[in-house]
Each structure stands twice: as structure tokens, then as C-alpha cells.
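Working notes for the structure below.
Here is how names work: the chains are called A, B, and so on, in the same order as the sequence lines, proteins then strands, and each is numbered from 1. Because only heavy atoms are used, hydrogens play no part in the values below, and waters and symmetry mates are left out as well, while side chains stay in.
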Number of protein chains: 2
Amino acid sequence: MNIDQIREKIASKGLKITPQRVAILEAIYNLNNHPTAENIADYIKISQPNIAIGTIYKVLEILVKNKIIKKVTTEADKMRYDGITEHHHHLYCIECDLIEDYFDEELNQILEQYFAKKKINGFHFKNFVVQINGTFDKC
Amino acid sequence: MNIDQIREKIASKGLKITPQRVAILEAIYNLNNHPTAENIADYIKISQPNIAIGTIYKVLEILVKNKIIKKVTTEADKMRYDGITEHHHHLYCIECDLIEDYFDEELNQILEQYFAKKKINGFHFKNFVVQINGTFDKC
DNA sequence: TTACTTAAAAAGAATTATTCTTATATAATA
DNA sequence: TATTATATAAGAATAATTCTTTTTAAGTAA
């Protein structure tokens, strides 16, 4: 994803293209590991030395609201962000903070099929995310 | 779950039984809706008017560590707690903060079978949780 | 039952993450 | 290029959680 694609992504939602927004979204794509707001701040501080931390949170909120990025929740209480919006799941390391994306079309189909048939009382199903816990060899 | 069972649950992990721990665990069982630390504080303030908020967090941490309760993560950044430790999933309301437990043995079997076969590179599978998003009729 | 030991709780300060407010700056547009 | 609306900076405020120290009480053994 290059700068022009990032700018286009922002513009496509009717949002103003600002250097801060571009830098933050670029950081999320490049860091590629579900960064926290603080991780993003560190990453962009060379290109955006004067950015306010409040701006980062504000921009993240706007990007989430416009479905350009997604929130990823963890048991450590800081929010993390994911630049991938297509349907996928996460591998969580139960020993460290590592989260990896997990794409599995077969799994998606099994579950979509399952929930299509399944009626859950008093609940309108929209979508699902599977949190897969374990340990990475590399950790 | 009565008081004696709660006391026994705490004792079975080799933990000291204290009125605060009993009250907090009782609150989680009775509230039965994935309360926050604050919800628990409100619930127990009649029986435990002098409890320190730090104590609540400390007790929750200990209960989690001893697998008596579990953390439940949400996009709203406050942690919630679940007194049910058997394998289950959660229905999340995408409009309000409601989380309901979802038990589905058929789903568990499908997924356990799936992950038993599936090899995920560089990752040791331990368990999974399905976060099911949608809306409740009652909301 | 009583005294002892150790773990737990209270208090409140400290920290961390996040949000809010207001003045200033800048992007899109006409 | 000027206009207007929106975004950003700054930093204070809030909210959630953790930490530190002192005090209290649970469990154990005499």
C-alpha cells in the first residue's frame, strides 16, 4: 500500500486528506502488527514530530468509524488497531502480547454456514471473529 | 452458587477466604452479566462499604490468575469479568454494551475437530473463543 | 483459645490510557 | 485566492488501573 493508495483510501470515505491521517494509516500498514496508539506515535514521530497524542486517538476513532481500520481487543488493557478489514481472525499468544492475523477461508465457510442455519433466540446474527489462543514457536 | 460453595471455590485454589473475596465473587455470580470492576463495587457497597477500589482490582487479578473467573474484552475500554469458566462463547451487541454467554456444544465440537486437524504454522493451538456480533431484540 | 505468621486489605498517591476543550491552522471548494 | 468547514495542537481533564505503605485479619500451631 503506497502513499497514493492511502490517500485514496481516506478520500474514498469523503474524509479530508491530512498529513497526520496519512502518517497514521501508513504506520498501521507498515507496523503490520496490531499497534497501540503509542506504537503509532513512536513510529510517526520522525515525520510528525509535533503531532498531539489526542490527534492520534481522534484520527484512529475516525478511521474505525469509517471502517478503514478495526479495533482489536486484548486482555492487556490497551486498544490495538488492525489495518486489514477483510474478514479474518487472530492468533493470540498467551505468553506475550503478540497477535497475528489468521486467514482461513475454509473456517469462514464452515462458520458462516453454521450460523446461517443456527437460530439464536432473541439475537440477530451479524458476523463473528474467532480468537485463537496458543503460543508461537518464535516467542 | 451459595456462600459455602463460593468459599469452597476460593479455598480449593489454596487462597485465603476473606469477606472481600467472597463478596466480589458472589457479585460476579449474581450480577451474571459480565460486570466491570465498577459494577462490582456498586453491587457490594452495602456489604462492603469500606472496600478499597484497589482491593477489587487486586482480588479480580487473583481470581483470574487462579482461573476462578475470566476476563472478557470489549471495544469499550474497560475490562469485564465472567464467572463461568467452562468453555463457552459470547454474543456481543454492536449497539449497546450487552454481552451474553453463548453455550453451543455442537459449535465447540465442529471447531475442536477443525483445529485438531488444522496445522497452523509456527503456532501451538490451545483453545478458541468465538465472538459473535449482532443485535439483541431486547436492546 | 491464644499468639504468631503471613497474606490481604485500606488508603490514597501515581500511572497510564484516553477523552475533552478551545484556539489556531489547514484542506477542499468555489 | 478567499472562504468555510473541518482538523490539529496543546494541554487540561477524566477514567481505569496499578503501586506503595501501613494496618488488619485469616489460617496455623502451640
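Under a hydrophobic clustering in which Ile, Leu, Val, Met, Phe, Trp and Tyr are joined whenever their side-chain heavy atoms come within less than 4.5 Å, directly or via other members, A:Ile68 and B:Ile94 fall into different clusters.
In this structure, the NZ atom of B:Lys78 is 15 Å from the P atom of D:dT18, given to the nearest Å. The CG-C1' distance, from A:Leu60 to C:dT19, rounds to 13 Å in whole Å. Rounded to whole Å, atom P of D:dT6 lies 14 Å from atom CG of A:Asn66. When rounded to the nearest whole Å, the span between CD of A:Glu61 and P of C:dA17 equals 18 Å. The distance from atom CG of B:Leu63 to atom P of C:dA9 is 10 Å, rounded to the nearest whole Å. For the pair A:Ile56 CD1 and C:dT18 C1', the interatomic distance rounds to 12 Å; values are reported in whole Å. Between the OH atom of B:Tyr81 and the C1' atom of D:dA16 there is a distance of 10 Å, rounded to whole Å. Distance, B:Arg7 CZ to D:dA26 C1': 10 Å, rounded to whole Å.
Remark: B:Lys138 is positioned above the aromatic ring of B:Phe136, its terminal NZ or CZ atom under 6.0 angstrom from the ring centre and at most 45 degrees off the axis.
Remark on DNA chain D: of its neighbouring residues A:Ile62 and A:Ile53, the 5'-side contact belongs to A:Ile62, judged by nearest-heavy-atom nucleotide. Nearest-nucleotide assignment on DNA chain C puts the 5′-proximal partner with A:Gly54, out of A:Gly54 and A:Ile17.
Between B:Phe128 and A:His90, the distance separating the two ring centers is not shorter than 6.0 angstrom.
If you check the side chains of B:His34 and B:Asn39, you find no donor sitting under 3.5 Å from an acceptor.
B:Lys16 comes within contact range of at least one nucleobase, with a heavy-atom separation under 4.0 Å. A:Thr18 comes within contact range of the sugar-phosphate backbone alone, with a heavy-atom separation under 4.0 Å but no base atom that close. Among the protein residues, A:Ile51 comes within range of the sugar-phosphate backbone only, with heavy atoms under 4.0 Å from sugar or phosphate atoms but none that close to a base.
For the pair A:Tyr57 and C:dT18, the criterion of a side-chain N or O lying under 4.0 Å from OP1 or OP2 is met. Checking the phosphate oxygens (OP1, OP2) of C:dT26, no side-chain nitrogen or oxygen of A:Gln20 falls inside 4.0 Å.
Comparing C:dT18, D:dT8, D:dT17 by their nearest atom to the side chain of B:Asp77 picks out C:dT18.
Within the 4.5 Å cutoff, the side chain of B:Glu112 has heavy atoms near those of the B:His87 side chain.
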